[in-house]
Undergrad: 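Let me give you the structure first, and then I'll get to my questions.
Just so you know, these numbers use all the heavy atoms, side chains as well, and skip hydrogens, waters and symmetry mates. This chain uses plain numbering: 1 for the first residue, then up along the sequence.
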Amino acid sequence: MLEYHAKKDLLQDKIILVTGAGDGIGKQAALSYAAHGASVILLGRTQQKLVDVYDEIIANGGPTPAIGCLNLQTATAGQYHELATRLTAEFGQLDGLLHNASLLGSLGPLEQLPIDTLETVLKVNVIAQAALTQPLMPLLRKAPHASIIFTSSSVGRKGRAFWGAYAISKFATEGMMQTLADELDGSTLRCNSINPGATRTKMRASAYPAEDPLTLKTAADLMPLYLYLMGDDSLHENGQAFNAQ
Ligand SMILES: NC(=O)c1ccc[n+]([C@@H]2O[C@H](COP(=O)([O-])OP(=O)(O)OC[C@H]3O[C@@H](n4cnc5c(N)ncnc54)[C@H](OP(=O)(O)O)[C@@H]3O)[C@@H](O)[C@H]2O)c1
């Protein structure tokens, strides 16, 4: 699917929510989904970054997006339900949900991993995904076909020394994806995971400060798979772990 060529109107009339839409891969996914016709709900914690992405989508001639400013570290069940209620009123259905926002936490030996770091990383990378997905399920069921994409990592598929909380959270993400996919089997919903691979973003730079970012793929390079899994060409895919590179 790395060579997938999305037709221009692949996501026409689809409503897609992207978490962590203000920066990095999430920002690029939001721009790409809008460029292929989707109305994108930009969810993130930094309002100004979301406004900038909103403006870029409008400047590119895309469908008017919506903004949901929410910190996944502190969001309450009430806030997730409020968001679902607002989206029900504004859009009536949800065709796609890209769980992309994540925290890296600190790298180091598991023996010394601060438990509060583990809690924070699991809150943002795992618990928030479940807490957001639950109230959105009725909206996702209203779409003719809906796609949920979870974002994994190489260290979510094979453990690696010193990747502590982040690796644990990505294994949990794969587990959530597989569990949900089995429950969705035979329904109009599907879910899969993407491992983006090394990509030129702030998160990668903080994990590998000595690396030359110009040697890395850009978020735009990954978009064939992100588009494939969000559009109707992937209706038969469920419970699969994909690599974007
Ligand atoms: N880049 C890579 O090489 C790589 C490799 C494997 C997997 N991944 C995965 O790909 C996804 C995107 O990563 P990226 O490299 O694009 O990272 P990034 O540049 O750091 O972007 C992460 C996004 O998540 C948002 N976010 C973080 N904490 C949040 C919170 N508490 N509430 C709401 N939003 C929050 C950030 O918001 P702010 O902009 O406001 O900080 C940012 O928009 C992540 O799931 C990551 O684990 C990346």
Undergrad: For Q73, does its backbone N or O pair with a side-chain atom of N71 as donor and acceptor, under 3.5 Å?
TA: yes
Undergrad: Minimum heavy-atom separation for L139 and A84, please, with both atom names.
TA: CD1-O, 3.9 Å
Undergrad: Is it the case that over 12 heavy atoms from other parts of the model lie below 6.0 angstrom from the NE2 atom of H236?
TA: yes
Undergrad: Applying a strict under-4.5 Å side-chain criterion to I, L, V, M, F, W and Y, I'd like to know whether Y80 and I15 cluster together.
TA: yes
Undergrad: Between R86 and E90, is there a side-chain N and carboxylate O pair less than 4.0 Å apart?
TA: yes
Undergrad: Report yes if the side chains of L50 and L43 come closer than 4.5 Å at any heavy-atom pair, otherwise no.
TA: no
Undergrad: Are L31 and V40 side-chain neighbours, meaning at least one heavy-atom pair lies under 4.5 Å?
TA: no
Undergrad: Is any side-chain heavy atom of T76 less than 4.5 Å from a side-chain heavy atom of H81?
TA: no
Undergrad: Quick check for you: to the nearest 0.5 Å, what is the distance between C191 atom SG and M177 atom CE?
TA: 6.5 Å
Undergrad: Using the rule given for side chain to side chain contact (heavy atoms under 4.5 Å, CB included), can you reason through K14 versus S39, listing the C-alpha separation, both sets of side-chain angles and the distance that settles it, and then say yes or no?
TA: CA-CA 6 Å; K14 288 193 188 286; S39 300; over 6 Å; no
Undergrad: Looking only at heavy atoms, which two atoms of Y228 and S234 are closest? And how far apart?
TA: O-OG, 2.8 Å
Undergrad: Determine whether M176 and L103 fall in the same hydrophobic cluster, where Ile, Leu, Val, Met, Phe, Trp and Tyr are linked whenever their side-chain heavy atoms lie under 4.5 Å apart.
TA: yes
Undergrad: Working to the nearest 0.5 angstrom, can you tell me the gap between L189 CG and L140 CG?
TA: 5.5 Å
Undergrad: May I ask you to check whether D212 and T215 show a side-chain donor-acceptor distance below 3.5 Å?
TA: no
Undergrad: Pairs in or reaching into residues 118-127: which pass side chain to side chain donor-acceptor pair (under 3.5 Å), with residues at least two apart or in two chains?
TA: N125-S169
Undergrad: Would you tell me whether E183 and T179 have side-chain atoms, one donor and one acceptor, within less than 3.5 Å of each other?
TA: no
Undergrad: Would you indicate whether the side-chain heavy atoms of R141 and S187 approach each other to under 4.5 Å?
TA: no
Undergrad: Between D95 and M230, does a side chain to side chain contact (heavy atoms under 4.5 Å, CB included) hold up when you go through it step by step?
TA: CA-CA 8 Å; D95 302 272; M230 209 43 103; over 6 Å; no
Undergrad: Test side chain to side chain contact (heavy atoms under 4.5 Å, CB included) on D52 and E56 and set out the steps.
TA: CA-CA 6 Å; D52 291 346; E56 199 170 330; over 6 Å; no
Undergrad: Please report the closest heavy-atom contact between V53 and A21, naming both atoms and the distance.
TA: CG2-O, 3.4 Å
Undergrad: Kindly compute the distance separating CD1 (I149) from CD1 (I194), expressed to the nearest 0.5 Å.
TA: 4.5 Å
Undergrad: Counting only heavy atoms not in K170 (residues, nucleotides, ligands), do more than 12 fall under 6.0 Å from its NZ?
TA: yes
Undergrad: Would you tell me whether Q178 and D182 have side-chain atoms, one donor and one acceptor, within less than 3.5 Å of each other?
TA: no
Undergrad: Indicate yes or no: at least one non-hydrogen side-chain atom of S152 is less than 4.5 angstrom from one of R157.
TA: yes
Undergrad: When rounded to the nearest 0.5 angstrom, what distance separates CD1 in I25 from OG1 in T199?
TA: 4.0 Å
Undergrad: Check whether any side-chain heavy atom of T151 lies under 4.5 Å from a side-chain heavy atom of S102, and answer yes or no.
TA: no
Undergrad: Got a sec, which hydrophobics cluster with L216, joining ILVMFWY side chains under 4.5 Å apart, including via others?
TA: none
Undergrad: Return yes if some donor-acceptor pair links the side-chain N/O of R200 with the main-chain N/O of P213 below 3.5 Å, else return no.
TA: yes
Undergrad: Assess the side chains of T19 and R45: does a donor N or O sit below 3.5 Å from an acceptor N or O?
TA: no
Undergrad: Looking only at non-hydrogen atoms, find the nearest pair between G105 and T117 and report the distance.
TA: CA-CG2, 4.2 Å
Undergrad: Does T46 reach the main-chain N or O of Q48 with its side chain, forming a donor-acceptor pair under 3.5 Å?
TA: no
Undergrad: Using a 4.5 Å cut-off on heavy atoms from C-beta on, say whether the side chain of I57 contacts that of T64.
TA: no
Undergrad: Mind checking whether L42 and L132 sit in one hydrophobic cluster, side chains of I, L, V, M, F, W, Y counted as touching below 4.5 Å?
TA: no
Undergrad: Are a donor atom and an acceptor atom from the side chains of N195 and S154 found within less than 3.5 Å of each other?
TA: yes
Undergrad: Side chain to side chain contact (heavy atoms under 4.5 Å, CB included) between I41 and I16: does it pass, once the steps are laid out?
TA: CA-CA 6 Å; I41 300 142; I16 297 174; over 6 Å; no
Undergrad: Applying ring-ring contact (aromatic ring centres under 6.0 Å, His included) as the test, list every pair that has at least one member in residues 90-109; sequence neighbours left out.
TA: H99-F150
Undergrad: Count I, L, V, M, F, W, Y as connected when their side-chain heavy atoms are under 4.5 Å apart, and connections chain through other members. Are L98 and Y54 then in the same cluster?
TA: yes
Undergrad: Does either side chain, that of K142 or that of T88, offer a donor lying less than 3.5 Å from an acceptor on the other one?
TA: no
Undergrad: Go through the steps for Q28 and S32 under the test side chain to side chain donor-acceptor pair (under 3.5 Å), then give the verdict.
TA: CA-CA 6 Å; Q28 182 58 57; S32 297; 3.0 Å; yes
Undergrad: Rounded to the nearest 0.5 Å, how far does CG of L235 lie from OG of S147?
TA: 9.0 Å
Undergrad: Between R190 and E237, is the closest basic N to carboxylate O distance under 4.0 Å?
TA: no
Undergrad: What are the two closest non-hydrogen atoms of A29 and M223, and how far apart are they?
TA: CA-SD, 3.7 Å
Undergrad: Does any donor atom in the side chain of Q245 or N243 lie under 3.5 Å from an acceptor atom in the other side chain?
TA: no
Undergrad: Check whether L107 and M203 end up in the same hydrophobic cluster, where Ile, Leu, Val, Met, Phe, Trp and Tyr are linked by side-chain heavy atoms less than 4.5 Å apart.
TA: yes
Undergrad: OG1 of T201 to NZ of K27: how many Å apart, nearest 0.5 Å?
TA: 12.5 Å
Undergrad: Contact between N192 and F242 at the side-chain level, heavy atoms closer than 4.5 Å - yes or no?
TA: yes
Undergrad: Mind listing the closest non-hydrogen atom pair of A207 and W163 along with its distance?
TA: CB-CH2, 3.8 Å
Undergrad: Taking the six-membered ring of F162 as reference, does the NZ or CZ atom of R160 fall below 6.0 Å from its centre and within a 45° cone about the axis?
TA: no
